Every structure is written in C-alpha cells, then in structure tokens.
Colleague: 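Here it is, the structure, as structure tokens.
None of the values given here were measured: they were computed from a predicted structure.
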Amino acid sequence: MPGNTWEYYKVLREVGGPVWSPERDTLPWIKFSLLAYHQQAQRVQFRVDRSNGCWMQLMDAMDELGLSERQMTALHEVAMTGRVRRSRYERPKPSTPNRPPVISRP
C-alpha cells in the first residue's frame, strides 16, 4: 500500500498495541484496509485508462506515420514509463499464427 506507510503504522499501533488483546477495536484497521485498497484500485484504473487512451492514439496515427507494431510498442512504453529498455525493444515477439490483437478498436 504505497503512500500509506505512516497511516499503516499508526493504525497498527492503535489496533495492535504492544501486546495482543481481544478487547481492542479492529474497526480502524478494517477502515484503513478498505480505504487503502480502494485508493490502489483507483490508481490502477487511472493507469489502465491512460494506457488504453495512449494505445488508441497510436493506433489512429499508425497508418498516417507508417509505424510498425514494434515501433508502436516502443512509443507506448516511452509514453507510459518515460523510457524504452533496449533489451525489451530488441527481443523478438513470439510468432504464433493465432495471436489475438493487443487491443481492438470499439
């Protein structure tokens, strides 16, 4: 749960204390966990939406710019991470005759 480290230890200290006790209220821990997982889901959804939007823009520009799928993959990686790893760009994609498309247009 990146970004919640201090809150994690605060709630853990509040709920757990120095010694385990069944009388302690676990509600703060449950609330913290649900909030942290919700925030994580929102971050992941944002990244997925951003990635899909970028890929769709690349698909639209593919023919106009004469880009190959390999170039598109590299451009997508740069847009998402800010870099392209040489080892990933050089690695040939496995050739399977019935490979499904990476993303389909709506």
Colleague: So, using side-chain hydrogen bond (donor to acceptor under 3.5 Å, both in side chains) as the criterion, who are the partners of D49 when residues are at least two apart?
Modeller: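 Result, side-chain hydrogen bond (donor to acceptor under 3.5 Å, both in side chains) vs D49: Q45.
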Colleague: Quick one: pull up CG in N4 and CZ in F32 and give me the separation to the nearest 0.5 Å.
Modeller: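 It comes to 4.5 Å.
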Colleague: Consider only side-chain heavy atoms of I, L, V, M, F, W and Y, link residues closer than 4.5 Å, and tell whether Y8 and L35 are in one cluster.
Modeller: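 No, it is not one cluster - the side chains of Y8 and L35 are not joined through contacts under 4.5 Å.
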Colleague: OG1/T26 to NZ/K31 distance, rounded to the nearest 0.5 angstrom?
Modeller: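 If I round to the nearest 0.5 Å, the distance is 11.0 Å.
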Colleague: Can a donor-acceptor pair be found, under 3.5 Å and without considering hydrogens, that links the side chain of S68 to the backbone of Q71?
Modeller: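 Side chain of S68 to backbone of Q71: a pair is present.
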Colleague: Linking I/L/V/M/F/W/Y whenever any side-chain heavy atoms sit under 4.5 Å apart, do Y9 and V11 land together?
Modeller: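 Looking at the clustering, V11 is in the same group as Y9.
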Colleague: Using the side chain to side chain contact (heavy atoms under 4.5 Å, CB included) criterion, which residues pair with E14? Sequence neighbours excluded.
Modeller: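 Applying side chain to side chain contact (heavy atoms under 4.5 Å, CB included) to E14 gives P28.
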Colleague: With rounding to the nearest 0.5 angstrom, report the CD to CZ distance, Q42 to R47.
Modeller: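 Output value for this atom pair is 12.0 Å.
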Colleague: Hey, does the side chain of H76 reach the backbone of C54 with a donor-acceptor pair shorter than 3.5 angstrom?
Modeller: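 No; zero donor-acceptor contacts below 3.5 Å.
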Colleague: Between T73 and E69 (side chain of the first, backbone of the second, donor and acceptor by atom type, cut-off under 3.5 Å), is there such a pair?
Modeller: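 Indeed, once roles are kept as given, a pair shorter than 3.5 Å links the two residues.
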Colleague: What distance separates M56 CE from M59 CE, expressed to the nearest 0.5 Å?
Modeller: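 Between atom CE of M56 and atom CE of M59 there are 6.0 Å.
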Colleague: Hydrophobic clustering (ILVMFWY, side-chain heavy atoms < 4.5 Å, transitive) - are M72 and L65 grouped together?
Modeller: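 Yes, because L65 and M72 connect within a single hydrophobic cluster, where side-chain heavy atoms sit under 4.5 Å apart.
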